[in-house]
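Notes for the one structure printed next.
Quick note: numbers below take in every heavy atom, side chains included, and nothing from hydrogens, waters or symmetry partners. Everything numeric here is computed off the predicted structure, so don't read it as measured data. The first residue of the sequence shown is numbered 1, and numbering continues consecutively from there.
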Amino acid sequence: MKDYFITMASVEDEKDIMEFIDQEWSKNHILAVNKELFEWQYRRGNQIQFVLAKSQSDKKIIAILGFIMYGDSLKEDIMLALWKALKGKSPFLGVELLEYLIQKTEGRVSCNGINLKTTKVIYEFMGFQVDCMKHYYRLADKQEYKIAKIHNKKIPILRYHYNSKLIQIKTKEELEENFNWDYYNNIEYFPHKSKEFIIHRYLHHPIYDYKIMAIIEGTKTKSTSFFVMREIKIEGISILRIVDWIGELEKILYLAEHVDKLLEEYDAEYIDFLEGGIEDEIMKKAGFIENKKEDGNILPNYFEPFECSNVQIWYSTKYKSKFAIFKADGDQDRPNLYKG
């Protein structure tokens with residue numbers, strides 16, 4: 001008989017999970033010390049979005065697997081997050097947690113930001129597709145760049161025009177009014193995010209100021225695609241980051257009409273876009289170029305604290321096709337420095 005059991009977490013486990021993160025994952029981690037952020041990310045009513053392994057004898061937590069539901073139930077798409085098992089227990093304890101969750105979700109599971117050294121082999125063994133996100137960017141035409149390190153300056157000519165307009169969505173009511181949800185709910189690509197999740201994730205974030213930018217084509221009255229953008233400032237210098245795309249993936253082309261205007265409006269050095277699953281040709285036609293090692297350019301990924309280096313982000317998914325992942329999926333676009 002095993003000396004531990006696996007269970008879904010409840011609100012009664014919240015304090016113990018935060019303490020486990022602090023003691024076993026990372027001391028003073030923001031999710032261990034900022035209760036508001038922890039509950040915003042993981043609490044759903046009386047449930048906490050974690051699978052736990054607990055000792056039979058004292059009911060103490062010995063392993064955790066966090067996840068983020070994109071809908072109202074485990075039968076819809078989810079993204080994995082924190083995953084940690086104490087050493088010296090079962091060598092496959094972490095895998096048991098994942099298997100437990102997969103059984104409850106019917107396999108609609110993905111993870112953004114996997115550790116190549118510790119979890120890549122596990123994901124592949126369990127039938128996940130593993131790949132690296134591509135980092136695309138577009139520079140503003142500046143004499144010098146202080147956040148990016150540019151040794152090979154390239155700014156593609158924008159050749160595509162679609163007669164679209166861009167509007168910012170600031171409230172739930174504006175999102176209802178300007179976005180065609182019926183159309184979106186019939187688009188078949190994954191993961192699929194519910195209206196309620198999108199509102200919670202981007203309009204009700206406790207720390208970040210996300211900007212939802214809807215693209216409206218020609219004479220249409222409602223948008224079928226929007227992107228989510230965040231401005232990042234380092235010592236008064238701005239960059240823009242597209243962290244999510246909702247709607248038709250092909251409409252990413254329409255960014256070609258708007259990226260330079262956004263760069264000018266925010267006086268930003270560049271705008272970047274991390275993604276997995278989008279056709280390269282779509283990104284190129286939208287005016288972006290891929291950040292490739294041979295160009296010698298640095299487009300930082302870490303800003304809390306700032307780290308001037310290129311960083312690869314790997315992901316895994318049970319989906320074999322019709323899958324697209326972005327920077328804000330899962331636990332990637334999250335505050336890292338606690339501000340009390």
Side-chain angles (χ1 to χ4, degrees), residues 9 17 21 25-26 29-32 34 37-44 47-51 64-84 94 97-98 101-102 104-105 107-116 118-120 122-124 126 128-135 189-194 196-202 204-208 210 227-230 241-246 272-278 301-304 311-319 322-336:
I17 295 171
I21 293 170
W25 180 263
S26 177
H29 190 282
I30 193 169
L31 290 172
N34 188 326
L37 183 66
F38 180 92
E39 290 190 340
W40 171 85
Q41 181 158 308
Y42 288 115
R43 184 167 179 173
R44 288 287 188 91
Q47 299 299 311
I48 302 294
Q49 295 175 99
F50 272 86
V51 180
I64 63 172
L65 174 59
F67 59 93
I68 297 167
M69 300 193 323
Y70 282 177
D72 296 326
S73 77
L74 289 172
K75 303 302 182 184
E76 299 176 66
D77 292 297
I78 70 167
M79 279 279 173
L80 304 179
L82 290 176
W83 190 13
K84 175 71 175 181
L97 295 186
L98 182 53
L101 185 59
I102 288 174
K104 288 186 173 294
T105 61
R108 298 181 67 165
V109 177
S110 304
C111 183
N112 196 10
I114 70 171
N115 189 317
L116 289 185
T118 59
T119 60
K120 179 176 182 287
I122 296 173
Y123 282 119
E124 289 177 333
M126 296 183 71
F128 283 75
Q129 172 188 329
V130 176
D131 208 340
C132 185
M133 295 180 76
K134 293 185 177 182
H135 191 177
Y189 82 85
F190 306 98
H192 181 85
K193 299 171 178 120
S194 71
E196 292 72 23
F197 172 82
I198 291 168
I199 290 169
H200 177 76
R201 178 68 179 84
Y202 299 118
H204 296 165
H205 197 282
I207 297 175
Y208 283 162
Y210 288 107
F227 61 93
V228 183
M229 181 179 76
R230 187 162 68 86
R241 169 160 284 180
I242 295 174
V243 298
D244 204 353
W245 183 275
I246 305 294
D272 71 355
F273 194 161
L274 288 102
E275 56 78 19
I278 309 300
N301 185 54
Y302 294 145
F303 291 89
E304 297 182 33
V311 177
Q312 290 186 321
I313 300 177
W314 288 76
Y315 64 90
S316 63
T317 182
K318 277 286 187 178
Y319 289 108
K322 295 184 179 180
F323 176 82
I325 193 168
F326 304 100
K327 181 65 169 69
D329 278 310
D331 188 40
Q332 281 299 296
D333 198 54
R334 170 184 47 74
N336 199 44

Minimum heavy-atom separation for A324 and P191, please, with both atom names.
O-CD, 3.4 Å
Would the W314 and F128 ring centres measure less than 6.0 Å apart?
no
Using 4.0 Å as the upper bound for N to carboxylate O, is an ion pair formed by R241 and D333?
no
Verify the ring-centre separation between F190 and Y319: is it less than 6.0 angstrom?
yes
Does I207 reach the side chain of R334, with side-chain heavy atoms less than 4.5 Å apart?
no
Just by modelled atom types, is the D331 backbone N or O under 3.5 Å from a matching donor or acceptor in the N112 side chain?
no
Would I114 and W83 count as a side-chain contact (heavy atoms from CB on, under 4.5 Å) if you check the C-alpha gap in whole Å, the side-chain angles of each, and the deciding distance to 0.1 Å?
CA-CA 10 Å; I114 70 171; W83 190 13; over 6 Å; no
From the list D77, D244, D72, salt bridge (charged side-chain N to carboxylate O under 4.0 Å, His left out) with K193 holds only for D244
Report yes if the distance between the aromatic ring centroids of Y42 and F50 is under 6.0 Å, otherwise no.
yes
Would the H204 and W40 ring centres measure less than 6.0 Å apart?
no
Verdict with reasoning, D329 to Y70, per side chain to side chain donor-acceptor pair (under 3.5 Å)
CA-CA 10 Å; D329 278 310; Y70 282 177; 2.6 Å; yes
Take atom CD of Q312 as the centre, draw a 6.0 Å sphere, and report whether it contains more than 12 heavy atoms from other residues, nucleotides or ligands.
no
Inspect the surroundings of NZ in K75 and state if more than 12 heavy atoms from other residues, nucleotides or ligands are less than 6.0 Å away.
yes
Roughly how far apart are I313 CD1 and F326 CZ, rounded to 0.5 Å?
13.5 Å
Between H135 and D272, a side-chain donor and acceptor under 3.5 Å:
yes
M133 versus K327, closest heavy-atom pair with distance:
CE-N, 3.7 Å
Gap between atom CD1 of I78 and atom NZ of K318 - 0.5 Å precision
12.0 Å
Does R230 make a cation-pi contact with Y208, if we ask for NZ or CZ under 6.0 Å from the ring centre and within 45° of the axis?
yes
If we ignore hydrogens and angles and just use 3.5 Å, is the side chain of S194 paired with the main-chain N or O of F197 as donor and acceptor?
yes
Any side-chain heavy-atom pair from W25 and I64 closer than 4.5 angstrom?
no
Whether Q49 side chain and G66 backbone form a donor-acceptor pair below 3.5 Å:
no
Evaluate the ring planes of Y202 and Y210, with Trp represented by its six-membered ring, and classify them as parallel (under 30°), tilted (30 to 60°) or perpendicular (over 60°).
perpendicular
